[in-house]
Amino acid sequence: MRPNLAARLGVWSAHHRKTAILGWLLFVVLATTIGGASGMVTASDDEMGVGDSGRAAAILDEAGVEEPAGELVMVSSRSADGWRDAASDLSKALTATGETREMQAPLPSEDGKDALLRFEMKGASDDAADRVQPVLDAVQKAKDEGAGKGISVYQFGDASSERHLSDLLADDLTRAEFTAVPLALGILLVAFGAVVAALLPVGLALTACVAAFGLLSLASHQLHLFETTYSVMFLMGLAVGVDYCLFYLRRERDERAAGRDAETALRIAAATSGRAVLVSGLTVMVAMAGMFLSGLLLFKGFAVATILVVCVAMLGSVTVLPALLSALGDRINAGRIPFLNRKSKKGAHASGGIAGKLLHPVLVKPKFFAIGSAVLLLALAAPALGMKTEQLGLEKQFGSDAPLSVSFREITQEFPGGPAPAQVVVKTADADDIGSKQLRDALAAVVRDAGKGAELTVHKGAGVAEIDVPLPGDGSDAESKKALGELRDDVVPAAFDGLDADTEAYVGGDLADSEDFSDQLSKGIVPVFAFIAAVTFLLMLFSFRSVVIAVTSIGLNLLSVGAAYGVMTAVFQHGWGAELIGSEQVGAIENWMPLFVLVVLFGLSMDYHVFVVSRIREARDRGLDNRAAIHEGITRTAGAVTGAAVIMVAVFAVFGTLSMQDMQQMGVGLGVAVLLDATVVRMVLLPSLMTLLGERNWRTPRYLSWLPTISHGASVTPEQPSPRPVPSASV
């Protein structure tokens, strides 16, 4: 049989290793240089919008209405009017920075102990965060001077919060890089017992991430990105890149340890693990493409980022890795570490070991273990039945004790609705109609019925009017949502009923953005899931020519995803064990997290599934019966799967310790799912289920007999040792 594509790529790379290595280095350098020179384009708030709030933002943008970056500074004292001198001095200091405008007189609170300073940043709002530092310094100086006088100062606004978020993301990504990489390296040192063998997967994964970063920067000029996209790319790139190299390298070392010559070992690794990497990588990329169906720019950016980094990592694993292995030869074991490089006396292919001992009872009583493991996963998934999702506000996102959260909470308590008002945007077909009596009456009705504090601004030349409506509550709680609903469903429709059909009126603002985003997510998850499930089914069907394998793949993935949902809900929504990871109960899951976790886990779980099932099919193609093939496939992949899972869990765990709540939820959800997937699912549920299904695993229905037969073995099939007898099952 003709060698498969992965085998041909591996052999070519080994025979042209200088070309492969230099070509890879040239690709990485060019991608990084060109991408760095082009810079990354981030999405504006207007682009991120959907629904009515997105249309409201688009109207203002089309009309050239520049929304200034507003800032709020509250000065608090222990006694009434005790804030006056401090507020006056701070107002002068803020004006003296030269970065502020429209400084308003201090607004006293109801009890007279607090005053609110309101102003705007000069210049465009898009780069206000880059110019806000003098303002932050002036506020910090006022805090320091007032500390001994019983004066407290709190700041919150568009520019200051964006600056805080950018700094936090940069710090978190740096911390993740400097923690995850040494962790992965340490785990590989234990797994391989040699420095060179451990450095190789980490080095290739990092170069893949660097190259993908450059390509993503280029792509951002066509599809603008969200700030967290790079964090997601690094998370996926490091985990997948190391895993792919680990699978390939482990098989090559096993074949060498079994006595194969270097060329034969490389051929076998390329034809088996290399093929599994290609199938797995393709499955992950196609699964990620499902995020394009969400209709949300955030997920489109995630899709592009993950597809790029997985593609680069996959190509590196099947091209430059064989070339490096060929060039290094036995030097791959250089830098041996004492006590970590001992080999089994029975050889690399000996059955048994820890995996064999754990697998023995599973094969003896497959029905018991299939039911038991399924019940365990369903029990872990149970809390997800009560999952609540929302766009987490600042206090929940950064933690209740974070300075930004404290400032937001203090300001909204004394001046409700200030930081996050709703915004009614009205547009007429004819700009002159914006001043008509009928429309003026309608706008006045909205201002009157919206409640205290509503402010009207008319842009006559653009035919646009906007009304800022303060919302009661903290801007994201049930009281604020109720007020927003009344504004959308009652106040605005009543005011504009009977006007010209060409007059448009939409309600936007931060809370409206969040609600519309959540609505779009709920609509998008069904087509995304249908696409991923269909693609996974087809890829597994074409790879293994088995409907049973394809269907069980989807079922096992769903159990892993459900368990991840349940753990996330228990930890972050209910607070069970949240303190153990330095987090806290927030009462909800970030609204984009369920869809993201679903897509990523459907992709990542295929790493292990394809790798394990390919090894089982390889043994089956050599003539072993179903039970013996399962035993051999599981035991001989256990080391690689365990090592890969430990690395993925470690990388995800790093993200679970970062500052932002959504990063913590992502890290914990993915980490738990991968851990369960590599242990309960692959070591217990998969072998027990395949044992129960027996020969049905490998049957190809007559109506699918046209499917091509794909080689799962090496182009050079060496003599294999006889497998250890597998105990018969008592079902």
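None of these values were measured; they are calculated from a predicted model.
Panel note: side chain His631, backbone Arg627; no donor-acceptor pair is recorded below 3.5 Å. Of the possible donor and acceptor atoms, one in the side chain of Ser13 sits under 3.5 Å from a partner among the backbone N and O of Thr319. Checked by atom type and distance alone, the side chain of Tyr565 pairs as donor or acceptor with a backbone atom of Pro594 at under 3.5 Å. In this structure a side-chain-to-backbone donor-acceptor pair under 3.5 Å is missing from Arg620 to Asp625. Although no hydrogens or angles enter the test, the distance criterion places no donor-acceptor pair under 3.5 Å between the side chain of Ser560 and the main chain of Ala673. Remark: the backbone N or O of Leu539 is paired with a side-chain donor or acceptor of Ser543 at under 3.5 angstrom.
The nearest pair of heavy atoms linking Ala197 to Leu249 is O-CD2, 3.4 Å. The two residues Pro383 and Gly566 have their closest heavy-atom pair at CB-O, 3.5 Å. Scanning both residues, Ala184 and Ile647, for their nearest heavy atoms gives CB-CG2, 4.1 Å. Residues Ala14 and Leu266 approach most closely at CB-CD2, 3.5 Å, considering heavy atoms. Closest non-hydrogen pair, Met233 versus Ala212, comes out as CE-O, 3.5 Å. Of all non-hydrogen atoms in Tyr248 and Val318, the two that sit nearest each other are CE1-CA, 4.4 Å.
The shortest side-chain heavy-atom distance between Ile634 and Met683 falls under the 4.5 Å cut-off. A heavy-atom distance below 4.5 Å is found between the side chains of Leu321 and Leu200. Residues Glu255 and Arg267 form no side-chain contact, since every pair of their non-hydrogen atoms from C-beta on lies 4.5 Å or further apart. You'll find the side chain of Arg250 stays beyond 4.5 Å of the side chain of Arg636, heavy atoms only. At least one side-chain heavy atom of Glu618 sits less than 4.5 Å from a side-chain heavy atom of Arg615. For the pair Phe652 and Val672, the minimum side-chain heavy-atom distance is 4.5 Å or more. Taking 4.5 Å as the limit, some side-chain heavy atom of Leu235 sits within range of a side-chain heavy atom of Met666. Between Val681 and Ser373, every side-chain heavy-atom pair lies at or beyond the 4.5 Å cut-off.
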Verdict with supporting geometry, Trp698 and Met690, side chain to side chain contact (heavy atoms under 4.5 Å, CB included): CA-CA 10 Å; Trp698 314 113; Met690 291 187 72; 3.5 Å; yes
Verdict with supporting geometry, Leu689 and Phe369, side chain to side chain contact (heavy atoms under 4.5 Å, CB included): CA-CA 9 Å; Leu689 187 60; Phe369 281 95; over 6 Å; no
Chi angles and distances behind the side chain to side chain contact (heavy atoms under 4.5 Å, CB included) call for Val277, Phe611: CA-CA 8 Å; Val277 166; Phe611 186 62; over 6 Å; no
Side chain to side chain contact (heavy atoms under 4.5 Å, CB included) evaluation trace for Asn557 with His609: CA-CA 9 Å; Asn557 284 351; His609 196 74; 5.6 Å; no
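With rounding to the nearest 0.5 angstrom, the CD1 atom of Ile532 is 8.0 Å from the CE atom of Met288. Once rounded to the nearest 0.5 Å, the distance linking SG of Cys209 with CE of Met236 reads 10.5 Å. Once rounded to the nearest 0.5 Å, the distance linking CD1 of Ile332 with OG of Ser326 reads 11.5 Å. Atom OG in Ser553 sits 10.5 Å away from atom CG in Leu541 (nearest 0.5 Å). Atoms CG and OG1, on Leu363 and Thr691 in that order, are 4.5 Å from each other to the nearest 0.5 Å. For the atom pair CE (Met593) and CD (Gln661), the distance works out to 8.5 Å, reported to the nearest 0.5 Å.
Note: Phe596 and Phe299 fail the aromatic proximity criterion, with ring centroids not under 6.0 Å apart. Checked against the 6.0 Å centroid criterion, the rings of Phe302 and Trp592 qualify as a close aromatic pair.
The pair Arg622-Glu632 counts as a salt bridge, with a side-chain nitrogen and a carboxylate oxygen less than 4.0 angstrom apart. A salt bridge is defined here as a Lys NZ or Arg NE, NH1 or NH2 lying under 4.0 Å from an Asp or Glu carboxylate O, and Asp171 with Arg175 fails to meet this definition.
For the residue pair Thr272/Arg251, the side-chain donor-acceptor check at 3.5 Å is satisfied. Donor-acceptor pairing under 3.5 Å is lacking for the side chains of Thr657 and Gln664. For the residue pair Thr264 / Asp261, a side-chain donor-acceptor distance below 3.5 Å is found, with atom types taken as modelled.
Ring geometry for Phe529 against Phe602 counts as perpendicular: the plane angle is over 60°, on a 0 to 90° scale with 30° as the lower cut.
When each of Leu358, Ile616, Val362 is tested with Pro687 by the rule side-chain contact (heavy atoms from CB on, under 4.5 Å), just one qualifies, namely Val362.
Within 6.0 Å of CZ on Phe537 lie more than 12 heavy atoms contributed by other residues, nucleotides or ligands.
Note on residues 553-568: no pairs pass salt bridge (charged side-chain N to carboxylate O under 4.0 Å, His left out), not counting sequence neighbours.
Not a single side chain to side chain contact (heavy atoms under 4.5 Å, CB included) links Leu538 to another residue, sequence neighbours left out.
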